[in-house]
Amino acid sequence: MKRRHIYLIAKKEIAGLSSEKTIVFAILLQVFIAMFSSFLMVGLTAMYDPEAIEGYSTVTYRVGYAGAESPLIDEFGERDDLILYRMDLGAALAALRERMVSAVVYVPQTPPDAEGPITVTLYLIQNDLQSGVVNVKIKEVLQGYEEQLRETRADRLIYSPVELNFPDSGGGESFFEFVYGLLIPLLVFLPAIVSAALIIDLITEEYQRQTLETLLSTPIMFTEVIWGKIAACEVLVPVQAGAWLILLWLNGIPVDNATAILLHVSTSGLVLILLGALVALHYRERTSAQFIFSTALVVALLFVMAVPYNPLNLVVRLAVDSIGPIHWYVLALVAAATALLGWAITHYARRVGEKTP
């Protein structure tokens with residue numbers, strides 16, 4: 001194979017990417033996510049962690065209290081955003097239905113040192129946005145009550161609970177989980193997935209538009225055509241991933257080991273691109289190839305994520321600088337597998353090229 005021929009094919013494909021509306025839309029979507037990551041963080045974090053929206057509520061809520069006297073009343077007394085009203089359970093539930101109170105708490109006549117558990121019942125309005133906020137606030141009160149019960153029943157504890165200390169600064173665990181556990185892996189691996197889908201389109205469209213014969217009438221060989229398309233898709237992976245990391249940095253989100261992250265993403269992306277090229281060469285029809293590849297990709301991701309040092313886990317740990325040199329060994333292993341896959345696709349493309357008229 002001649003490098004110049006591969007370069008010419010890659011140059012042609014990159015120049016024609018602007019006509020791929022699906023790819024352009026996917027890139028613009030990633031740009032939007034990366035540019036407004038700080039803004040999206042508030043809304044998306046609230047979807048899986050309702051406690052994230054508690055800090056944005058300044059409203060004082062009225063809560064009905066029914067049942068026995070308990071230290072839970074003192075816990076409510078320490079809150080400025082919750083006002084407790086003592087009433088019968090029936091009257092409290094009627095007030096809840098009329099939205100005179102935002103929630104009702106019922107405490108049974110079980111002593112704190114009783115043998116059995118104390119079941120506190122919380123009544124809220126179903127499918128109500130306000131109930132989500134009130135639920136989070138009352139949860140904190142109930143956790144304080146739970147701590148009191150643990151102290152009362154401390155002589156029954158068999159195991160000592162493990163305390164987790166999160167740093168006071170940096171946005172807390174919700175910020176950490178969303179940004180470093182979800183947002184960064186999503187952004188840096190999306191270009192690899194998009195490029196893998198793109199290689200299928202680039203190869204199958206040569207068959208469907210019947211332009212392959214014209215292309216092969218030139219001195220360029222079939223394997224050079226395939227590797228030119230692979231090179232065009234592979235170039236996009238580090239370029240896009242690097243751009244997303246820069247945009248995250250501009251949003252005030254620092255990412256450590258950016259070079260190592262780009263190397264891992266580029267290598268993993270090349271594996272996906274080679275697999276996509278292999279599927280495209282076998283089926284030579286866009287719809288079938290995309291369906292088979294997408295299905296296989298989901299299954300493969302499930303298996304890969306079960307491995308301790310999978311690419312997603314490595315990117316997260318590299319971003320927070322919590323991994324040693326072991327990631328270089330993993331990178332070398334993936335690079336070796338990529339080289340083997342590249343050798344296989346070269347031979348397969350040569351066989352397909354010999355059968356192409």
Side-chain angles (χ1 to χ4, degrees), residues 1-7 9-10 13 185 188-204 206 220-241 259-284 288-315 317-318 323 325-356:
M1 289 189 293
K2 295 182 179 180
R3 294 180 181 177
R4 176 171 173 75
H5 291 169
I6 295 175
Y7 168 74
I9 294 296
E13 298 297 345
V188 298
F189 276 107
L190 267 181
I193 296 174
V194 172
S195 293
L198 177 61
I199 189 65
I200 295 176
D201 289 352
L202 294 182
I203 293 176
T204 55
E206 297 287 358
I220 300 177
M221 296 189 301
F222 185 74
T223 52
E224 294 170 341
V225 173
I226 298 302
W227 274 103
K229 295 177 183 295
I230 291 173
C233 296
E234 173 63 13
V235 166
L236 297 177
V237 177
V239 171
Q240 287 187 64
T259 303
I261 289 175
L262 292 180
L263 287 175
H264 278 279
V265 171
S266 300
T267 308
S268 301
L270 184 55
V271 172
L272 294 178
I273 293 170
L274 292 175
L275 291 175
L278 197 62
V279 173
L281 284 174
H282 181 75
Y283 287 96
R284 307 175 194 177
S288 300
Q290 289 285 11
F291 174 76
I292 295 298
F293 177 76
S294 302
T295 305
L297 180 63
V298 172
V299 176
L301 285 177
L302 292 177
F303 279 104
V304 168
M305 292 184 70
V307 179
Y309 290 104
N310 62 73
L312 295 173
N313 181 276
L314 287 176
V315 167
R317 297 183 64 177
L318 283 169
I323 188 171
I326 191 172
H327 73 92
W328 295 115
Y329 299 107
V330 178
L331 180 62
L333 184 63
V334 176
T338 306
L340 183 62
L341 189 58
W343 174 82
I345 198 170
T346 300
H347 282 265
Y348 188 70
R350 190 169 297 160
R351 286 177 51 192
V352 174
E354 291 173 353
K355 297 178 181 178
T356 302

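Being a predicted model, the structure only gives us computed values, none of them experimental.
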query = Which heavy-atom pair separates I199 from A196 by the least distance, and what is that distance?
reply = CG2-O, 2.9 Å
Exercise: identify the closest heavy-atom pair between E234 and G269 = OE1-C, 3.9 Å
ask   = What's the shortest heavy-atom distance between A197 and F293, and which atoms?
value = N-CE2, 4.5 Å
query = Between V304 and P311, is any pair of side-chain heavy atoms under 4.5 Å apart?
reply = yes
query = So which pairs with a foot in residues 266-278 pass side chain to side chain donor-acceptor pair (under 3.5 Å), sequence neighbours left out?
reply = none
message = Any heavy-atom pair between the side chains of L281 and F222 that's under 4.5 Å?
response = yes
inquiry  = Run L236 and V194 through side chain to side chain contact (heavy atoms under 4.5 Å, CB included) and show every step you take.
reply    = CA-CA 9 Å; L236 297 177; V194 172; over 6 Å; no
message = Quick check for you: to the nearest 0.5 Å, what is the distance between L318 atom CG and L262 atom CG?
response = 10.5 Å
message = Can you confirm whether W227 sits close enough to T346 that some side-chain heavy atom of one is under 4.5 Å from a side-chain heavy atom of the other?
response = yes
key: Atom pair CG/OH of L274 and Y348 - distance to nearest 0.5 Å   = 14.5 Å
request  = Quick one: which residue pairs count as a side chain to side chain donor-acceptor pair (under 3.5 Å) with a foot in residues 288-302, not counting sequence neighbours?
outcome  = D201-Q290, E285-S288
inquiry  = Tell me if a side-chain donor or acceptor on N313 pairs with a main-chain N or O of N310 at a distance below 3.5 Å.
reply    = no
note = So NE2 of H327 and CD1 of I261: to nearest 0.5 Å the spacing works out to 9.5 Å
task = Write down the atom of A280, the atom of I200, and the distance for their closest heavy-atom approach.
result = CB-CA, 3.9 Å
key: Worked verdict on I230 versus L270 for side chain to side chain contact (heavy atoms under 4.5 Å, CB included)   = CA-CA 8 Å; I230 291 173; L270 184 55; 4.0 Å; yes
query = Considering only heavy atoms from C-beta outward, does the side chain of L198 approach that of I273 to under 4.5 Å?
reply = no
task = Just do the side chain to side chain contact (heavy atoms under 4.5 Å, CB included) check on V237 and L272 with the steps written out, would you?
result = CA-CA 11 Å; V237 177; L272 294 178; over 6 Å; no
query = How long is the span from the CD1 atom in I226 to the CG atom in L278, to the nearest 0.5 Å?
reply = 10.5 Å
request  = Nearest 0.5 Å please: distance from the CZ atom of F189 over to the CG atom of L301.
outcome  = 9.5 Å
query = Rounded to the nearest 0.5 Å, how far apart are CG of L314 and CG of L331?
reply = 9.0 Å
